[in-house]
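All heavy atoms count here, side chains included; hydrogens, waters and symmetry mates do not. A, B, ... follow the sequence lines: proteins, then strands. Residue 1 opens every chain.
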Amino acid sequence: MSAGLVVATIAFGLFTGIGSGLLGVGGGVFMVPFLVLAAGLGQHQAQATSLAVVVPTAIVATVVLHRAGVTDTRRALGMGAIGAAGAVAGVLLALALPASTLRVIFAVFLGVVGLRLVYDAVRMGPSAPDRHA
Amino acid sequence: MSAVRTAAPIDVADASGRVGPPTRRLIVIGVAGGVLSGLLGVGGGVLMVPALVLWAKLDQRTAHATSLAAIVPIGIAGIVTYGAAGQIALPETLVLLAGSMVGARLGAGALTRIDERLLKGLFGLFLVAVAISMAVG
């Protein structure tokens with residue numbers, strides 16, 4: 001990676017961390033487009049790399065929330081363990097698709113997420129104290 | 001969320017006698033989140049959190065924490081599968097991790113000082129613009 005890209009990527013990581021914390025929308029949603037459009041990765045690579053960043057972040061957050069007793073962590077992990085089968089299927093499907101097709105699917109997904117955020121914003125009343133806290 | 005009237009949580013005792021959201025619904029949500037995660041390289045929370053709130057009747061905070069915990073095994077499965085196909089770019093991973101760890105801490109601090117509504121609206125529009133970029137590029 002060039003020095004410029006490293007700096008841009010760190011800055012982007014900051015942006016992602018802040019954004020996902022504030023919006024409740026995960027980092028992967030931001031990271032995949034960044035990796036494809038700015039870092040020049042292929043669609044599959046960008047997606048794989050995004051997951052490699054999301055998981056450690058999720059582990060840290062889960063430990064914190066578990067200590068705070070927010071949810072039945074074991075049950076949630078169990079839910080994820082079963083969901084993991086779906087993940088394998090999802091990856092295999094992605095790998096079977098050409099990058100251009102996968103990119104369009106991702107773009108549609110991203111558009112839906114974006115529109116939902118705009119819709120939420122429009123429906124929200126005057127800014128309330130953050131309810132995620 | 002005030003405009004949405006949520007029913008009382010569905011309390012069902014499972015085989016161990018524990019009462020909570022119906023297991024079947026958690027499984028469906030987990031698998032759906034897993035497929036989305038594997039297919040698009042995202043955490044899956046963007047689908048799981050609303051589903052946990054609206055269908056499994058969890059409160060927002062519990063749903064968020066549940067989703068995050070579920071993302072761990074889901075994401076690991078994705079990493080292993082993509083990794084086996086040689087798709088993970090390690091330098092980019094490490095650099096992004098460094099940035100996002102710091103960013104997450106900053107985000108928590110910035111929470112109280114930013115107009116959430118404006119932020120959501122702007123981010124939403126930004127994502128739509130990026131989506132168009134990706135689709136057209």
>> Is any side-chain heavy atom of Phe34(A) closer than 4.5 Å to one of Val130(B)?
In response: no
>> Can you tell me which portion of Leu41(A) sits under 4.5 Å from chain B's heavy atoms? Options are side chain, backbone, both or neither.
In response: side chain
> Does Val88(A) share a hydrophobic cluster with Val35(B), counting links as ILVMFWY side-chain heavy atoms below 4.5 Å and allowing steps through other members?
Replying inline: no
>> Counting heavy-atom pairs under 4.5 Å with chain B, which one of Ala68(A), Ala85(A), Ser50(A) comes out on top?
In response: Ser50(A)
> Side chain, backbone, both or neither: which part of Arg74(A) has an atom under 4.5 Å from a heavy atom of chain B?
Replying inline: neither
> Given the rule in the side-chain contact (heavy atoms from CB on, under 4.5 Å) test, do Val55(A) and Ile74(B) qualify, once you have shown the distances and angles that lead to the verdict?
Replying inline: CA-CA 9 Å; Val55(A) 169; Ile74(B) 281 172; over 6 Å; no
>> Under 4.5 Å from any heavy atom of chain A, what part of Leu52(B) do you find: side chain, backbone, both or neither?
In response: side chain
>> With chain B as the partner, which of Leu95(A), Val36(A), Val64(A), Leu5(A) has the greatest number of non-hydrogen pairs under 4.5 Å?
In response: Leu95(A)
> Closest heavy-atom contact between Pro73(B) and Gly80(A)?
Replying inline: CG-C, 3.5 Å
> Of all of Val60(A), Thr62(A), Leu37(A), Leu93(A), which one pairs up most often with chain B through heavy atoms under 4.5 Å apart?
Replying inline: Thr62(A)
> Given Thr71(A) and Thr62(B), is the side-chain hydrogen bond (donor to acceptor under 3.5 Å, both in side chains) satisfied, shown in steps?
Replying inline: CA-CA 5 Å; Thr71(A) 189; Thr62(B) 306; 5.4 Å; no
> At a heavy-atom separation under 4.5 Å, does Phe109(A) approach chain B through its side chain, its backbone, both, or neither?
Replying inline: side chain
>> With a 3.5 Å distance limit and no angle check, can you tell me whether Thr49(A) reaches the backbone of Ala89(B) through a side-chain donor-acceptor pair?
In response: yes
>> Which heavy atom of Leu127(B) sits nearest to which heavy atom of Gly114(A), and what is that distance?
In response: CB-CA, 3.9 Å
>> Quick one: does any side-chain atom of Arg61(B) pair with a main-chain N or O of Val70(A) as donor and acceptor, under 3.5 Å?
In response: no
> Under a 4.5 Å side-chain heavy-atom rule over Ile, Leu, Val, Met, Phe, Trp and Tyr, are Phe126(B) and Val113(A) clustered together?
Replying inline: yes
>> When you compare the side chain of Val128(B) with that of Leu115(A), does any pair of heavy atoms fall below 4.5 Å?
In response: yes
> Between Glu92(B) (side chain) and Ala39(A) (backbone), is there a donor-acceptor pair under 3.5 Å?
Replying inline: no
> Going from CD1 on Ile88(B) to CG on Leu51(A), what distance comes out if it is rounded to the nearest 0.5 angstrom?
Replying inline: 8.0 Å
> For Ala85(B), is it the side chain, the backbone, both or neither that has a heavy atom under 4.5 Å from a heavy atom of chain A?
Replying inline: side chain
> Is the backbone of Val122(A) close enough, under 3.5 Å, to the side chain of Arg117(B) for a donor and an acceptor to pair up by distance?
Replying inline: yes
> What's the shortest heavy-atom distance between Ala52(A) and Thr93(B), and which atoms?
Replying inline: CB-CG2, 3.6 Å
>> Under 6.0 Å between ring centres: does that hold for Phe123(B) and Phe30(A)?
In response: yes
> Considering only heavy atoms, which portion of Ile82(A) lies under 4.5 Å from any heavy atom of chain B: side chain, backbone, both, or neither?
Replying inline: both
> So how far is it from Leu96(B) CG to Leu35(A) CG, rounded to the nearest 0.5 Å?
Replying inline: 5.5 Å
> Going from CG on Leu68(B) to CG on Leu65(A), what distance comes out if it is rounded to the nearest 0.5 angstrom?
Replying inline: 6.5 Å
>> Please tell me whether Met48(B) and Val29(A) are part of a single hydrophobic cluster in this structure, the criterion being side-chain heavy atoms less than 4.5 Å apart.
In response: yes
>> Can you tell me which portion of Val63(A) sits under 4.5 Å from chain B's heavy atoms? Options are side chain, backbone, both or neither.
In response: neither
>> Counting heavy-atom pairs under 4.5 Å with chain B, which one of Val112(A), Leu102(A), Thr73(A), Val104(A) comes out on top?
In response: Leu102(A)
> Transitively linked via ILVMFWY side-chain contacts under 4.5 Å: Ile27(B) with Leu58(B)?
Replying inline: no
>> For the CZ atom of Arg25(B) and the CE atom of Met79(A), what is their distance to the nearest 0.5 Å?
In response: 13.0 Å
>> Using heavy-atom distances under 4.5 Å, tell me whether Val49(B) contacts chain A through its side chain, its backbone, both, or neither.
In response: neither
>> Applying side-chain hydrogen bond (donor to acceptor under 3.5 Å, both in side chains) to Arg75(A) and Thr66(B), what does each step give before you reach the verdict?
In response: CA-CA 8 Å; Arg75(A) 188 167 204 173; Thr66(B) 303; over 6 Å; no
> Between Ile59(A), Leu92(A), Val108(A), which shows the greatest number of heavy-atom pairs under 4.5 Å with chain B?
Replying inline: Ile59(A)
> Between Tyr82(B) and His44(A), what is the shortest heavy-atom contact and its length?
Replying inline: CE2-O, 4.0 Å
> To the nearest 0.5 Å, how far apart are CG in Leu122(B) and CG in Leu117(A)?
Replying inline: 11.0 Å
>> To check you understand the geometry: which heavy-atom pair defines the closest contact between Gly78(B) and Ala87(A), and what is its length?
In response: N-CB, 4.4 Å
>> Side chains of Ile71(B) and Val54(A), heavy atoms from C-beta outward: is any pair under 4.5 Å?
In response: yes
> Who wins among Val28(B), Leu36(B), Val72(B), Leu94(B) for the most heavy-atom pairs under 4.5 Å with chain A?
Replying inline: Val72(B)
> Is it the side chain or the backbone of Ser133(B) that comes within 4.5 Å of chain A heavy atoms, both, or neither?
Replying inline: both
> For the candidates Gly34(B), Ala32(B), Gly86(B), which exhibits the highest count of non-hydrogen atom pairs separated by less than 4.5 Å from chain A?
Replying inline: Gly34(B)
> Do Met31(A) and Val42(B) have side chains that get closer than 4.5 Å, going by heavy atoms?
Replying inline: no
> What's the shortest heavy-atom distance between Ala69(B) and Ala76(A), and which atoms?
Replying inline: CB-CB, 3.5 Å
>> Rounded to the nearest 0.5 Å, what separates atom CD1 in Ile105(A) from atom CE in Met134(B)?
In response: 11.0 Å
>> Heavy-atom pairs under 4.5 Å with chain B - which of Pro56(A), Ala89(A), Ala46(A) has more of them than the others?
In response: Pro56(A)
